[in-house]
Asks: 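Have a look at this one before I ask anything.
Numbered from 1 within each chain, the chains take letters A, B, ... in sequence-line order.
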There are 2 protein chains.
Amino acid sequence: MSLLTADRAAVGSARTRVYAALRDAILDARYAPGRKLSENELAGQFDVSRTPIREVLATLRDERLVEVVPQVGTLVTRISDEGVRDAAFVREALECAAVRLAAERARPDDVAGLRDDLKAQGRAVAAGDHRLFDRLDDELHQRLCVISGRAIAWDLSRRANGHLARVRRLSLPDPDYLDAMLAEHRGVVEAVAAGDADRAEDALRHHLRMVLSALPALRASRPEYFADPDPEG
Amino acid sequence: MSLLTADRAAVGSARTRVYAALRDAILDARYAPGRKLSENELAGQFDVSRTPIREVLATLRDERLVEVVPQVGTLVTRISDEGVRDAAFVREALECAAVRLAAERARPDDVAGLRDDLKAQGRAVAAGDHRLFDRLDDELHQRLCVISGRAIAWDLSRRANGHLARVRRLSLPDPDYLDAMLAEHRGVVEAVAAGDADRAEDALRHHLRMVLSALPALRASRPEYFADPDPEG
DNA sequence: GAGCCCCAACTTGCATACTAGTGTCCAATG
DNA sequence: CATTGGACACTAGTATGCAAGTTGGGGCTC
């Protein structure tokens, strides 16, 4: 623990630091699906004791990113159809409801903030910076939820998003994909700016479903990241 | 820890037991909003160490039922307009989306299960057993989510439901209220049975919003349970 | 050589000790 | 009498030790 006390409070205690790092590593598949994690090993890597590690793993378990088996170990979950469908369902339900409210409530400075985000996304696409685009993507969705007055929609959406977020991150290297995403973001933002709740909802719903289109290709290229397919549509 | 090992596994470890008891106590306001909780005291009451208590409190913090202030204490949150609105929003978004799917997918035995639940609710209303009705109410909503194929909708709905659940439990003593709730449940179930997604969604939306109608009376009768009103609609 | 059994090493769950920070209460002082 | 300073009791966060259980491999037996 090399941080000063004040910094620890600002950064949010060891737990926050470990959580962010570990979640990021799982989403990037640096901790690959199926890999076994050891509380002791992680404690050593992050230079903290097992206690905060255990709290972080409990949070990640709620997000379905890890599976804790008592007396056996903690595993990074494989990406499952069920998990991806659940995440997509939750995001669609919560964010589509939120974007309707956002369209009704958005004020000029809210719209300006959304457009700033779009511009930054345009620069990220031009620069081919997938990682930055990914962050700005999340930020845009968060902004929409905040504008709706129901910021909790983003909190829950994000928490339920683990399996889907891995699909998204692992699929990013296609430039056409980024262009399409950006175009869809623009459509959502313009509908919100116009105060058109129906159009905003439709645009966002379509957008959220598009992420799923990358799934079959990813499964084909990285079958070891996936659990066995399940038949349900 | 007086339970056998097998029972502990079935019951789900000390944490599950403590979680259920503590959550129930908070929802019933036996631990009143605003009350300070002590990890040490709770550990003594439940005859476990602070570790599982802390895990439970972390979960309850995610549900916004307690607020943990470092180096100060853990408080039962007061019921807030924001918290109630957030809970209502999340339930409406998730469960309305789920009930549409349920209406499309429900099979005869699913419908039979729903109707069994309704009958039990009728008996509970006749007997004036609010507590039982409350459980059956949750069960019905859960069934609908399970039928939809998106059981996660209920998981998240329940987790986000803390503030609203307290309103519901504390408001129960009105018999007309129970009658009205039961009638609305019937409307939802019949729409699902008929495979009418639009009607099911409308009925459920209306139903979920009705819970909010009990809020002003409760606030008037128990102002000490509530945080200061906030102006937003 | 094949199969079975047992043990050792590892796992998480829980209990406990320690650290650092906060608020309160009382006493001393202006 | 009011106010301020300080000690003390209590808090949550973290570290560590102990208990119970699983797994996999090595050695013994057939």
Side-chain angles (χ1 to χ4, degrees), chain A residues 1-22 26 31-78, chain B residues 1-22 26 31-32 34-77:
Chain A
M1 191 82 58
S2 60
L3 297 172
L4 300 174
T5 302
D7 288 337
R8 276 178 51 206
V11 164
S13 81
R15 208 183 95 250
T16 306
R17 175 177 63 95
V18 173
Y19 168 73
L22 197 47
I26 292 174
Y31 289 121
R35 169 168 173 174
K36 186 172 178 180
L37 301 176
S38 160
E39 293 181 359
N40 280 315
E41 188 183 337
L42 292 172
Q45 288 178 20
F46 288 104
D47 195 33
V48 295
S49 74
R50 279 180 57 214
T51 306
I53 296 289
R54 281 178 56 75
E55 294 184 7
V56 167
L57 290 177
T59 302
L60 294 172
R61 174 172 47 77
D62 280 348
E63 297 182 20
R64 304 208 207 173
L65 287 174
V66 304
E67 181 183 6
V68 179
V69 183
Q71 326 303 349
V72 173
T74 302
L75 306 170
V76 178
T77 56
R78 292 181 196 277
Chain B
M1 192 82 59
S2 60
L3 297 171
L4 299 175
T5 304
D7 288 337
R8 278 178 50 206
V11 165
S13 82
R15 207 182 96 250
T16 305
R17 176 177 63 95
V18 173
Y19 168 74
L22 197 47
I26 292 173
Y31 289 119
R35 168 168 173 174
K36 187 171 178 181
L37 300 176
S38 160
E39 291 182 357
N40 280 315
E41 188 184 336
L42 292 172
Q45 288 177 20
F46 287 103
D47 196 32
V48 295
S49 76
R50 277 181 59 212
T51 306
I53 296 289
R54 280 178 56 76
E55 293 183 7
V56 166
L57 290 177
T59 302
L60 294 171
R61 174 171 50 77
D62 280 347
E63 298 182 20
R64 303 209 208 174
L65 288 173
V66 304
E67 181 183 7
V68 179
V69 184
Q71 322 305 344
V72 173
T74 302
L75 305 170
V76 177
T77 56

Asks: Send over the distance from Leu57(A) CG to dG13(C) P, rounded to a whole Å.
Replies: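 Roughly 9 Å, once rounded to whole Å.
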
Asks: In whole angstrom, what separates Glu55(A)'s CD from dA12(D)'s C1'?
Replies: 10 Å

Asks: Quick one, Leu57(A) with Leu22(A), criterion side-chain contact (heavy atoms from CB on, under 4.5 Å). Give me CA distance, side-chain angles, the key distance, then yes/no.
Replies: CA-CA 9 Å; Leu57(A) 290 177; Leu22(A) 197 47; 4.0 Å; yes

Asks: Near DNA chain C, which residues from residues 59-69 of chain A have a heavy atom under 4.0 Å away?
Replies: Val68(A), Val69(A)

Asks: Residues two or more places apart in sequence or in another chain: which of them pass side chain to side chain contact (heavy atoms under 4.5 Å, CB included) with Gln71(B)?
Replies: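 Gln71(B) satisfies side chain to side chain contact (heavy atoms under 4.5 Å, CB included) with no residue once adjacent residues are dropped.
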
Asks: Shortest non-hydrogen contact from Thr77(B) to Arg64(B)?
Replies: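 So the two residues come closest at OG1-O, 2.8 Å.
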
Asks: Which heavy atom of Thr59(B) sits nearest a heavy atom of Tyr19(B), and at what distance?
Replies: CG2-CE1, 3.7 Å

Asks: Please find the pair of heavy atoms, one from Arg50(B) and one from Asn40(B), that lie closest to each other, and give the distance.
Replies: CD-OD1, 3.2 Å

Asks: State which residues pass side-chain hydrogen bond (donor to acceptor under 3.5 Å, both in side chains) with Tyr31(A); sequence neighbours excluded, sorted by chain then number.
Replies: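 So Tyr31(A) forms a side-chain hydrogen bond (donor to acceptor under 3.5 Å, both in side chains) with Gln45(A).
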
Asks: For residues 65-77 of chain A, pull every pair meeting salt bridge (charged side-chain N to carboxylate O under 4.0 Å, His left out), keeping only residues two or more places apart or in separate chains.
Replies: none

Asks: Taking only N and O in the side chain of Thr74(A), is any of them less than 4.0 Å away from OP1 or OP2 of dT12(C)?
Replies: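 Answer yes for this pair, as a side-chain N or O of Thr74(A) is under 4.0 Å from OP1 or OP2.
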
Asks: Please name the pair of heavy atoms, one in Leu75(A) and one in Gly34(A), separated by the smallest distance, quoted to 0.1 Å.
Replies: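 Taking every non-hydrogen atom into account, CD2-O, 4.3 Å.
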
Asks: If you take any heavy atom closer than 4.0 Å to DNA chain D, which residues from residues 32-40 of chain A end up in contact?
Replies: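 By residue number: none to list.
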
Asks: State which residues pass side chain to side chain contact (heavy atoms under 4.5 Å, CB included) with Val68(A); sequence neighbours excluded, sorted by chain then number.
Replies: Arg61(A), Val66(A), Thr74(A)

Asks: What is the distance, to the nearest angstrom, from the CD1 atom on Ile53(B) to the P atom on dC14(C)?
Replies: 11 Å

Asks: What integer distance in Å separates Arg54(A):CZ from dG17(D):C1'?
Replies: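 That distance rounds to 14 Å.
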
Asks: Once side chain to side chain contact (heavy atoms under 4.5 Å, CB included) is applied, do any residues pair with Glu55(B), and if so which ones, sequence neighbours excluded?
Replies: Arg54(A), Arg15(B), Thr51(B)

Asks: How close do Lys36(B) and Gly73(B) get, heavy atom to heavy atom, and via which atoms?
Replies: CE-CA, 4.1 Å

Asks: In whole angstroms, how far is the C1' atom of dT14(D) from the CZ atom of Arg15(A)?
Replies: 13 Å

Asks: Anything under 3.5 Å between a protein N or O and an N or O of nucleotides 16-19 of chain C, put it in a table, one pair a line.
Replies:
from: dT16(C); atom 1: O4; to: Thr51(B); atom 2: OG1; distance (Å): 3.4

Asks: Glu41(A) CD to dA9(C) C1': how many Å, rounded?
Replies: 15 Å

